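A quick note: this is a predicted structure, and the numbers were derived from the prediction, not measured.
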Amino acid sequence: QVQLVESGGGLVQAGGSLRLSCAASGLIFNNYFMGWFRQAPGLEREFVAAVTWSGANTYYQDSVKGRFTISRDNAKNTVYLQMNSLKPEDTAVYYCAAVRPRAYSGTFYYYDYKDYEYWGQGTQVTVSS
């Protein structure tokens, strides 16, 4: 079965950095568009970043642009989210997600969590002031 396992979350002070990892198994990794989403208490799950099959193209939520970097290592079946200059408002549970947009029956929106097929369990990121 498909499994996405996140790691790297934790507690950091504002201005600090974290690197999240998402290890995928049970799929042909380079066939999947990968994304990171986050959800704070009481709020809807929101898009953070996404990366295309080879890693050539990336997409970001405006609030994290210039601070976060998404990347993937297809040889390791792993996607990363490097988070720098963290702010308290970045506090949330971060989720890794995967989808095959080429096989998607409808119109694919990389920023829409409902368009993704598989999800990790989430990892907590807490940024203190």
Review point. What pair of heavy atoms forms the shortest contact from Ser17 to Ser85, and how long is it?
Key: OG-N, 4.3 Å
Exercise for review: For the residue pair Met83 and Trp36, establish whether any side-chain heavy-atom pair is separated by less than 4.5 Å.
Suggested key: no
Check your understanding: Ignoring hydrogens and geometry, is there a side-chain-to-backbone donor-acceptor pair from Thr52 to Asn57 under 3.5 Å?
Key -> yes
Review point. When the ring planes of Tyr118 and Tyr32 are compared, do they come out parallel, tilted or perpendicular, using 30° and 60° as the limits?
Key: tilted
Review point. Minimum heavy-atom separation for Ala92 to Arg38, with atom names?
Key: CB-CB, 3.8 Å
Review point. Among the clusters formed by ILVMFWY side chains lying less than 4.5 Å apart, do Leu18 and Val64 turn up in the same one?
Key: yes
Practice item. Indicate, with yes or no, if Tyr60 and Tyr110 share a hydrophobic cluster defined by side-chain heavy-atom contacts under 4.5 Å among Ile, Leu, Val, Met, Phe, Trp and Tyr. Key: no
Exercise for review: Write down the atom of Ala98, the atom of Met34, and the distance for their closest heavy-atom approach.
Suggested key: CB-SD, 3.5 Å
Review point. In terms of hydrophobic clusters joined by side-chain contacts under 4.5 Å, are Val51 and Tyr111 together?
Key: no
Check your understanding: Taking the side chain from Thr126 and the backbone from Thr91, do they hold a donor-acceptor pair closer than 3.5 Å?
Key -> no
Practice item. Return yes if some donor-acceptor pair links the side-chain N/O of Tyr94 with the main-chain N/O of Gln39 below 3.5 Å, else return no. Key: no
Review point. Taking the side chain from Trp53 and the backbone from Asn31, do they hold a donor-acceptor pair closer than 3.5 Å?
Key: yes
Check your understanding: Roughly how far apart are Arg45 CZ and Leu43 CG, rounded to 0.5 Å?
Key -> 12.5 Å
Point to revise | Backbone N/O of Thr69 and side chain of Tyr80: donor-acceptor pair under 3.5 Å | key: no
Check your understanding: After noting the C-alpha distance and the side-chain angles of Phe108 and Phe33, does the key distance pass the ring pair (Phe, Tyr, Trp, His ring centres under 6.0 Å) rule?
Key -> CA-CA 11 Å; Phe108 174 66; Phe33 205 100; 5.2 Å; yes
Exercise for review: Please lay out, stage by stage, how Gln61 and Phe68 fare under the test side-chain contact (heavy atoms from CB on, under 4.5 Å).
Suggested key: CA-CA 9 Å; Gln61 163 72 237; Phe68 291 10; over 6 Å; no
Review point. Taking all atoms of both residues into account, what is the closest heavy-atom pair of Thr78 and Ser21, and its distance?
Key: CG2-CB, 4.3 Å
Point to revise | Atom pair CZ (Phe47) and OH (Tyr109), whose distance is rounded to the nearest 0.5 Å | key: 14.5 Å
Practice item. Determine, using the 4.5 Å side-chain heavy-atom cutoff (strictly less than), whether Val93 and Val125 are members of one ILVMFWY cluster. Key: no
Check your understanding: With a cut-off of 6.0 Å (strictly less than), are more than 12 heavy atoms of other residues, nucleotides or ligands near CD of Gln13?
Key -> no
**Study point:** Euclidean distance, Lys65 NZ relative to Thr58 OG1, rounded to 0.5 Å
**Key:** 9.5 Å
Review point. Is a side-chain N or O of Asn77 found less than 3.5 angstrom from the main chain of Phe29, in a donor-acceptor match?
Key: no
Check your understanding: Linking I/L/V/M/F/W/Y whenever their side-chain heavy atoms sit closer than 4.5 Å, directly or via other members, would Leu4 and Leu81 fall into one cluster?
Key -> yes
Check your understanding: At their closest point, which heavy atom of Ala14 faces which heavy atom of Ser129, and how far apart are they?
Key -> CB-CA, 4.4 Å
Exercise for review: Starting from the C-alpha separation in whole Å, work towards a yes-or-no answer on ring pair (Phe, Tyr, Trp, His ring centres under 6.0 Å) for Phe37 and Tyr116.
Suggested key: CA-CA 11 Å; Phe37 293 77; Tyr116 285 75; 5.0 Å; yes
Review point. Does the distance from a Lys or Arg side-chain N to an Asp or Glu carboxylate O, for Lys87 and Asp90, drop under 4.0 Å?
Key: no
Check your understanding: Can you tell me if Glu6 uses its side chain to pair, donor with acceptor, with the backbone of Gly122 under 3.5 Å?
Key -> yes
